[in-house]
Amino acid sequence: MARIKRGTTTKTKHKRILDQAKGYYGRRKNTIRIARQAVEKAGQYAYRDRKVKKRTFRGLWIQRINAGVRAEGLTYSQFMHGLKLAGIDLDRKVLADIAMHEGEAFAAIVAQAKAALPEQAAA
């Protein structure tokens, strides 16, 4: 039985790693041992930051909604409570977009939320 030489499979594996390390600085782009570490760490950062991105955007949407609501004389928490009482089911992403680009529509939503609040909270 003939022996199997593994040079081509190793070269293919190395090429895949080095292609992923393209653009890295120094030996991280062309030395397989260091490139493998760099690519693995980059993957860990990418995985983590896909989760962090969601948190970051939620915070941004809350800031934009809060800024729009305070101009109408409410706080963010009062506004969200009023939305729930009024039965308006809009998520923060949509509310932030409306607050940024359609001021009149957002003012109407705030008025509905304000009307749904009990009297002592709205004052």
Colleague: Taking side chain to side chain donor-acceptor pair (under 3.5 Å) as the cut-off, I'd like each qualifying pair that reaches into residues 56-66, sequence neighbours left out, listed once.
Modeller: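 Output for this query lists N66-R70.
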
Colleague: Are any of the side-chain heavy atoms of Y76 and V69 separated by less than 4.5 Å?
Modeller: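 No, every pair of side-chain atoms sits at 4.5 Å or beyond.
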
Colleague: Same cluster or not: are L117 and V110 linked, directly or through other Ile, Leu, Val, Met, Phe, Trp or Tyr residues, by side-chain heavy atoms under 4.5 angstrom apart?
Modeller: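 As far as the 4.5 Å side-chain criterion goes, V110 and L117 are connected within one cluster.
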
Colleague: Which atom names give the shortest non-hydrogen contact between Q112 and A86, and what distance separates them?
Modeller: O-CB, 4.1 Å

Colleague: Looking only at non-hydrogen atoms, find the nearest pair between A42 and Y24 and report the distance.
Modeller: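 Heavy atoms only, the tightest pair is CB-OH, 3.3 Å.
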
Colleague: Please check if I65 and L60 belong to a single hydrophobic cluster, counting links between Ile, Leu, Val, Met, Phe, Trp and Tyr side chain heavy atoms closer than 4.5 Å.
Modeller: no

Colleague: Holding to side chain to side chain contact (heavy atoms under 4.5 Å, CB included), I want the full list of residues that pass it with L18, two or more places apart in sequence or in another chain.
Modeller: I32, A35

Colleague: Would you mind listing every salt bridge (charged side-chain N to carboxylate O under 4.0 Å, His left out) that reaches into residues 86-111, with sequence neighbours excluded?
Modeller: none

Colleague: First locate atom CD1 of I109, then atom CD1 of I98, and finally report the distance between them rounded to the nearest 0.5 Å.
Modeller: 4.0 Å

Colleague: Below 4.5 Å, heavy atoms only, C-beta onward: do F79 and L95 meet side chain to side chain?
Modeller: yes

Colleague: Sub-3.5 Å donor-acceptor pair from the side chain of K114 to the main-chain atoms of G73, do we have one?
Modeller: no

Colleague: Report whether L85 and I88 are members of the same hydrophobic cluster (ILVMFWY, side-chain heavy atoms less than 4.5 Å apart, transitive linking).
Modeller: yes

Colleague: Holding to side chain to side chain contact (heavy atoms under 4.5 Å, CB included), I want the full list of residues that pass it with R3, two or more places apart in sequence or in another chain.
Modeller: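 K5.
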
Colleague: By the salt bridge (charged side-chain N to carboxylate O under 4.0 Å, His left out) test, which pairs, at least two apart or in different chains, include something from residues 36-54?
Modeller: none

Colleague: Does anything in residues 17-33 pair up under salt bridge (charged side-chain N to carboxylate O under 4.0 Å, His left out), and if so which pairs, sequence neighbours excluded?
Modeller: K15-D19

